[in-house]
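In the text below, chain A, chain B and the rest are named by the order of the sequence lines, each starting its count at 1.
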Protein chains: 4
Amino acid sequence: MSEQKTPTKREIQAEERREQLLQAALDLFSKRGWDGTSIKELADTVGVAPGLIYHYFESKEDLLTKVIERYGFIPELRRVLIPSSEKPTQEVLPEIARAFYDLLEEKGRVICIFVREGLVKEELHHRWVAMTNEACKLLANYLDARVEAGELRPHNTEVTARMILHTVVMLHLVNAPPDRLKDLVEIVMNGIAQRETENCR
Amino acid sequence: MSEQKTPTKREIQAEERREQLLQAALDLFSKRGWDGTSIKELADTVGVAPGLIYHYFESKEDLLTKVIERYGFIPELRRVLIPSSEKPTQEVLPEIARAFYDLLEEKGRVICIFVREGLVKEELHHRWVAMTNEACKLLANYLDARVEAGELRPHNTEVTARMILHTVVMLHLVNAPPDRLKDLVEIVMNGIAQRETENCR
Amino acid sequence: MSEQKTPTKREIQAEERREQLLQAALDLFSKRGWDGTSIKELADTVGVAPGLIYHYFESKEDLLTKVIERYGFIPELRRVLIPSSEKPTQEVLPEIARAFYDLLEEKGRVICIFVREGLVKEELHHRWVAMTNEACKLLANYLDARVEAGELRPHNTEVTARMILHTVVMLHLVNAPPDRLKDLVEIVMNGIAQRETENCR
Amino acid sequence: MSEQKTPTKREIQAEERREQLLQAALDLFSKRGWDGTSIKELADTVGVAPGLIYHYFESKEDLLTKVIERYGFIPELRRVLIPSSEKPTQEVLPEIARAFYDLLEEKGRVICIFVREGLVKEELHHRWVAMTNEACKLLANYLDARVEAGELRPHNTEVTARMILHTVVMLHLVNAPPDRLKDLVEIVMNGIAQRETENCR
DNA sequence: CATGAATGAGAGTTCATTCAT
DNA sequence: TATGAATGAACTCTCATTCAT
């Protein structure tokens, strides 16, 4: 029943075409927006007849959903944001910042689409918020572990998580070079206040 | 020529109508997006004929520009982000965070439009980046002054500025309640690392 | 408030255009059917742009409804089928048959549309059945009056009404010449059985 | 050549498939109309690929023709409408009315299609008219025989035939229950006029 | 015999925009 | 200033039909 049927050559080709369409849609949607992209434009890009798109997707709306699902990155997000709880923050945070930055780089186009359409479509907005929340929660969990381990002082770790992740996102959106990341981590770790540590000397 | 003529009644009415149209456009554009809003919809909302809109604005594109200009908030941004350089950070930063958060609250609709269309229209994107850069620069300037005053330790103030502002933006986009703001400031000030200060005792 | 505003010239022209569109739609729908008629075809017939049709009607479906309403003929039906109850059948029935036949002639096109689309659209089917029922009822009422007056023998007048009206309809659908109508009336009146009346002489 | 080859298993299967397609087409065409039914819909209903339909039928148009031919009912019509000329009208007419009514019941779907498409396609219209004419002629022939036999008085038998058949058709279209049929026959036989027969007593 | 990917024409509909009134 | 009839291009989507597999 549930045995993995070897797909026929035709099925493979069909799958390739679907992939091709999703890829082109990802490209165009991120460049011109979803409303700004016409089915004909997409068809021309791929080099097929407009009608064919409706063989693979129910509607333009459906295509948007499928693009977001196909190029979503929740698994990657989890991989990046679940570090070993034992590793010290000094080592982990720069890695996370960088890995997250790179993930944004790679997933920039879906994110564009996600943000843009999320501003207008209720359901996508919900998904977007849910995703950011999960991301923050994951990082906060790690930070909590480090607090427990005595490396970090007790504090509102969720805000810290947001601070790190959101800043990385914004740095990325603004095309800031990734070398700022280590400053970011350093500031988060040590704060910006002049320490009265000197005084004790 | 440029003398301030007392506007005639007709001119006043015209100005009111323009205002009315801009207001409705702001509303609709932020709710449904620019492409998602039709001229007829706008006309119906205001209760005028579609043709009339073209007496006040050159095109739908022009209308978008005018909305962004009319409801832009660079002056408010400056007011909020240029505190007295002498006031201590402890006092100023919470105020800034809160004022900035409230500004976003008030200007939420233009920002939606700005972000959404900025993702697709080159020119708006530039304006958006320029604005965020200026905002960060302003805050960084204040921080620099406090470093000079010895209140803050020397560090990459621009990153700090981004961290604060971006996080506030994101907290707002995610509808997080404003009570997180004071945690934010506290963390930025003191960092999250466990201090070895104790040791000097 | 409810005073009859003299319509402006523009309003008159608009009304003429609407009429023109309905007329053309009646023509085309009856000739090619509703699905068989394209909006472009209709527009070309009238000599306007396709888009204009949607200025006057909500959709192609709406246009169908409006055509049927505009060219419906329930009032005429009533006029034709409510004869003076005092007049004798011999005089009235031929008149009715003829007037009804002529009405069909004049309203042939709506009827075509009505029948055709009624076979496929629930709601139109209901309206059609209701109309035929009313027509039969009206004629049956008259016949009842004549039974009461002693001119006709007691019988199922509703069946007689149906017999007359339906036969006229069918004769018309089949393009039978109207001279058959008097035979029809004669048969209904006297039946076809050989009378044994002669015998009593 | 024309010898009756025992059909191979494949041929039998093919025939079954053709039958299956015709059956489904009959169903769908009568429910949604010919234009309202898509090849894909038909294919889905039967559970085959759209392309297969073109192995069995030349085109959608051809399919319509084949449906009408396959489910036509001229033979049944003849069987029903050619009673023994010797049998008396009193016995035969009720039988005919009922048998004809039942035939309509059974053949309702083809008739729907026939009527609907006949209103729009010249050729089908001709066939429809021809069929009704033949039916009327057949019944008229029987009536003529009964006139000759002295059971019926001389009259325009063709009109009587139309009257009976058309009324039955219409009763059927309007979903009137079949108990009206005997009233119909009775009226046709005896007329509705008050007889002066009494007088001769 | 059977599939379903692919086509391309054309469907209904929307919409920014113009312009006579 | 204001109207809304009119345009025409572009849009999404459907569908009969073909054909390589």
Are there any protein N/O atoms within less than 3.5 Å of an N/O atom in nucleotides 18-21 of chain F, and if so, which ones and at what distance?
none

Base-pair map of DNA chain F as dot-bracket, where | denotes pairing with a different strand and pairs are Watson-Crick or G-U under 3.5 Å: .||||||||||||||||||||
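Close to E:dG4, at under 4.0 Å from its OP1 or OP2, lies no side-chain N or O of A:Tyr56. For A:Ser38 and F:dC11, the shortest distance from a side-chain N or O to OP1 or OP2 is below 4.0 Å.
Using a 4.5 Å heavy-atom threshold, the side chains of A:Leu124 and A:Thr65 count as separate. Between C:Arg109 and C:Tyr71, the closest side-chain pair of non-hydrogen atoms is not below 4.5 Å. Between A:Glu123 and A:His126 the shortest side-chain heavy-atom distance does not fall below 4.5 Å.
Comparing B:Gly47 and A:Thr37 along DNA chain F, the residue whose closest nucleotide (by nearest heavy atom) sits nearer the 5' end is B:Gly47. Nearer the 5' end of DNA chain E, as judged by each residue's closest nucleotide, is the contact made by D:Val48, out of C:Glu61 and D:Val48.
When rounded to the nearest whole Å, the span between CG of D:Leu42 and C1' of F:dC15 equals 13 Å. Separating the CD1 atom of A:Ile39 from the C1' atom of E:dT7 is a distance of 16 Å, rounded to the nearest angstrom. Remark: P of E:dG10 and NZ of A:Lys40 are 15 Å apart, rounded to the nearest angstrom. In this structure, C:Glu41 places its CD atom 12 Å from P of E:dG10, rounding to the nearest Å. Atom C1' of nucleotide F:dC13 and atom CG of A:Asp62 are separated by 13 Å, given to the nearest angstrom. Distance NZ (C:Lys60) to P (F:dT12): 21 Å, rounded to an integer number of Å.
Distances from the side chain of B:Ser59 to the nucleotides F:dT3, E:dT17, F:dT12 place E:dT17 closest.
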For a side chain to side chain contact (heavy atoms under 4.5 Å, CB included) check, start with the C-alpha distance between B:Glu117 and B:His125, then their side-chain angles and the critical distance, and finish with the verdict. CA-CA 8 Å; B:Glu117 303 313 325; B:His125 180 67; over 6 Å; no
Test salt bridge (charged side-chain N to carboxylate O under 4.0 Å, His left out) on B:Lys121 and B:Glu61 and set out the steps. CA-CA 11 Å; B:Lys121 297 193 206 259; B:Glu61 186 106 29; 3.5 Å; yes
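A salt bridge is absent between A:Asp35 and B:Arg32; no separation between the charged side-chain nitrogens and carboxylate oxygens falls under 4.0 Å.
A:Arg17 and A:Gln20 share a donor-acceptor pair across their side chains, judged by distance under 3.5 Å alone.
D:Ile113 contributes atom CD1, which lies 9.5 Å from atom CG of D:Leu28 (distance to the nearest 0.5 angstrom).
For B:Glu69, there are no side chain to side chain donor-acceptor pair (under 3.5 Å) partners at least two apart in sequence or on another chain. Every residue meeting the ring pair (Phe, Tyr, Trp, His ring centres under 6.0 Å) condition with C:Phe114, not counting sequence neighbours, appears here in chain and number order: C:Trp128. Residues satisfying the side chain to side chain donor-acceptor pair (under 3.5 Å) criterion with C:Tyr56, sequence neighbours excluded, are absent altogether.
Annotation: proximity of residues 12-36 of chain A to DNA chain F (heavy atom, distance under 4.0 Å) is found for no residue.
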